[in-house]
Amino acid sequence: MAGWQRHPRYSLFVFVVLAATFYLLGPYHPSSPRQTLLDVSLRGLKGHDLPTRLERSARIYNKLLFDRQGLIEKFGPTAKDIALFPPDVRPWPPYTVCELLAASFNCPHEIQRVGALGDGGKWVCGLERVAHKPDCIVYSVGINHESSFEAEILRNTQECEIWGYDFTVDAFGPQVPAAQAGRTHFRAFGLAGTDRHGADDSPKMYTLESLMKMNGHTHIDILKIDIEHWEFETLAALIKPYLASGRPLPFGQLQLEIHLWNITFAEFLEWWEMLEAAGLRPFWTEPNLVYQNYNRDKSSDLAEYSFLNIKGSNVFIKDAPDHAH
């Protein structure tokens with residue numbers, strides 16, 4: 001007698017599990033003809049000049065936005081119905097936040113790891129674009145005794161100056177040589193969504209706008225932020241006025257560690273879509289494996305993202321070396 005005849009209930013269970021697996025892992029195929037239009041939208045975009053490469057990247061990313069909405073409707077059907085990291089279900093969780101919000105914008109330049117492998121280093125798009133830039137400005141918020149990122153920026157550029165902020169330490173990490181002191185500036189301040197730097201405030205907190213005004217800056221080429229979950233409040237306070245006024249953000253790219261603590265998927269998606277509306281496009285991501293290794297009972301709730309700002313006229317999206325900020 002066949003196995004399925006001897007154990008019909010077991011066979012039925014196996015069939016259901018396999019069917020569910022194929023359904024959950026299967027691609028989303030909307031019935032709208034718009035999907036076909038998005039698939040072929042790259043036709044006619046030839047050439048490798050910077051504007052053409054950026055346009056190709058934009059169209060590819062637009063297709064991702066379309067697919068994302070389809071996946072949310074499939075598993076939601078709304079964002080409020082989706083968990084950041086689904087519980088341990090069977091056959092296995094069909095999605096995670098990192099899959100729904102993929103870093104799929106193609107950087108039009110070379111991408112390189114700047115700083116140490118593991119915790120500390122960041123992925124940068126087009127570092128060569130600022131290698132000889134006379135007014136290159138880098139802000140690094142969140143030092144924590146590890147400055148391999150800043151040290152490599154200094155080694156690979158001629159005139160980049162770095163402003164560092166962290167109220168938990170007194171200086172850049174030991175990786176920054178004393179010989180480069182003239183190109184580095186450190187203050188034990190924190191970055192926040194509101195200014196709190198009165199005589200009785202400790203630590204003193206500044207908005208990015210206030211720090212730039214203090215330093216006499218109108219633009220930042222590379223902005224690195226690691227502020228332990230405060231990125232949600234801080235970036236929302238920074239970005240919303242720019243969205244309301246239609247002005248481009250004052251930085252060319254953003255290296256950001258995102259801490260997915262005490263937040264729902266719907267809240268995170270709203271915040272993420274605000275970044276996208278302001279012109280930020282993720283071109284790289286990786287989970288913080290150091291944190292995950294020491295917290296094995298946790299999901300991948302710390303992740304590094306690198307974003308390119310596609311609005312305005314920053315050095316990474318415009319060829320002219322004397323671009324206006």
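Everything quoted here is computed from the prediction, not taken from an experiment. Every heavy atom of this structure was used, including side-chain atoms; hydrogens, water molecules and symmetry mates were not.
Contact of the Thr264 side chain with the Leu84 side chain is not registered, since no non-hydrogen atoms from C-beta on lie closer than 4.5 Å. Between Pro134 and Glu159, some side-chain heavy-atom pair lies under the 4.5 Å cut-off. Considering only heavy atoms from C-beta on, Leu249 comes within 4.5 Å of Leu280 through its side chain. Side-chain contact check for Ile153 versus Ile222: some heavy-atom pair is nearer than 4.5 Å. A 4.5 Å side-chain heavy-atom check between Asn62 and Ile60 finds every atom pair outside the cut-off. Under the 4.5 Å side-chain criterion, counting only non-hydrogen atoms from C-beta, Asp166 is not in contact with Phe172. The side-chain heavy atoms of His197 and Met205, taken from C-beta on, include no pair separated by under 4.5 Å. Residues Ile111 and Ser306 have side chains not in contact (no heavy-atom distance under 4.5 Å, counting atoms from C-beta outward).
Interatomic distance, Leu223 CG to Ile137 CD1, rounded to the nearest 0.5 Å: 12.0 Å. Atom NE2 of residue His229 and atom OG1 of residue Thr234 lie 10.5 Å apart, to the nearest 0.5 angstrom. Taking CZ from Phe316 and CG from Asn309, the interatomic distance works out to 10.0 Å, rounded to the nearest 0.5 Å. Distance check: Phe186 CZ to Ile162 CD1 gives 13.0 Å after rounding to the nearest 0.5 Å. Rounding to the nearest 0.5 Å places OH of Tyr206 at 9.0 Å from OH of Tyr165. Of the inter-residue distances, the one linking Ile82 atom CD1 with Leu100 atom CG reads 5.5 Å to the nearest 0.5 angstrom.
The backbone N or O of Gly173 lies less than 3.5 Å from a partner atom in the side chain of Ser147, making a donor-acceptor pair. A distance-only check finds no donor-acceptor pair linking the side chain of Gln255 to the backbone of Ile225 [under 3.5 Å].
A donor and an acceptor atom, one from each side chain of Tyr61 and Asn106, are nowhere located under 3.5 Å apart. Counting only N and O atoms by type, the side chains of Ser104 and Arg281 include no donor and acceptor under 3.5 Å apart. Side-chain polar atoms of Lys224 and Ser140 form a donor-acceptor pair below 3.5 angstrom. One side chain, Arg196 or Thr194, offers a donor N or O that lies under 3.5 Å from an acceptor on the other.
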Residues Asn314, Phe251; criterion side chain to side chain contact (heavy atoms under 4.5 Å, CB included); working and verdict: CA-CA 7 Å; Asn314 67 72; Phe251 50 86; over 6 Å; no
Full working for side chain to side chain contact (heavy atoms under 4.5 Å, CB included) between Val315 and Val130: CA-CA 8 Å; Val315 70; Val130 297; 3.8 Å; yes
Steps toward side chain to side chain contact (heavy atoms under 4.5 Å, CB included) verdict (Leu235, Leu256): CA-CA 11 Å; Leu235 288 177; Leu256 177 69; 3.8 Å; yes
Worked verdict on Phe167 versus Arg187 for side chain to side chain contact (heavy atoms under 4.5 Å, CB included): CA-CA 8 Å; Phe167 61 82; Arg187 298 298 296 272; over 6 Å; no
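Using a 4.0 Å cut-off between charged nitrogen and carboxylate oxygen, Glu55 and Arg59 count as a salt-bridge pair. Between Arg53 and Asp49, no side-chain nitrogen of the basic residue sits less than 4.0 Å from a carboxylate oxygen of the acidic one, so the salt-bridge criterion is not met. Classification of Lys122 and Glu152 as a salt-bridged pair fails, no side-chain N sitting under 4.0 Å from a carboxylate O. Ion pairing between a basic and an acidic side chain is recognised when a charged N comes within 4.0 Å of a carboxylate O; Asp135 and Lys133 show such pairing. Salt bridge annotation for Glu276-Arg68: present, with a cationic side-chain nitrogen under 4.0 angstrom from a carboxylate oxygen. A salt bridge links Arg129 with Asp319: the closest approach of a Lys/Arg side-chain nitrogen to an acidic carboxylate oxygen falls below 4.0 angstrom.
Heavy-atom minimum distance, Ile227 versus Leu191: CD1-O, 4.2 Å. The heavy-atom pair separating Lys204 from Gly198 by the smallest distance is NZ-O, 2.7 Å. The shortest heavy-atom contact between Val114 and Phe149 is O-CD1, 3.5 Å. In terms of heavy atoms, Leu64 sits closest to Ala102 at CD2-O, 3.9 Å. The minimum heavy-atom distance between Tyr305 and Leu101, with the atom names listed, is OH-O, 3.1 Å. Scanning both residues, Ser210 and Asp195, for their nearest heavy atoms gives OG-OD2, 2.7 Å.
Residues satisfying the side chain to side chain contact (heavy atoms under 4.5 Å, CB included) test with Glu146, not counting sequence neighbours, are Ala116, Ser148, Gln175. Applying the ring-ring contact (aromatic ring centres under 6.0 Å, His included) test to Trp284 and every residue at least two apart in sequence or in another chain returns Trp123. Residues forming a side-chain hydrogen bond (donor to acceptor under 3.5 Å, both in side chains) with Glu231 (at least two apart in sequence, or on another chain): His259.
Proximity of the aromatic rings of Phe283 and Phe105 is defined here by a centroid distance below 6.0 angstrom, and this criterion is not met.
For the ring pair (Phe, Tyr, Trp, His ring centres under 6.0 Å) test with Trp272, the passing option among Phe232, Phe265, Phe307 is Phe307; the others fail.
Under a cutoff of 6.0 Å and an axis angle of 45°, Arg247 and Tyr242 form a cation-pi pair.
Enclosure of atom CD in Glu267 by more than 12 non-hydrogen atoms of other residues, nucleotides or ligands within 6.0 angstrom is indicated. Surrounding CD of Glu228 are more than 12 heavy atoms belonging to other residues, nucleotides or ligands, all under 6.0 Å away.
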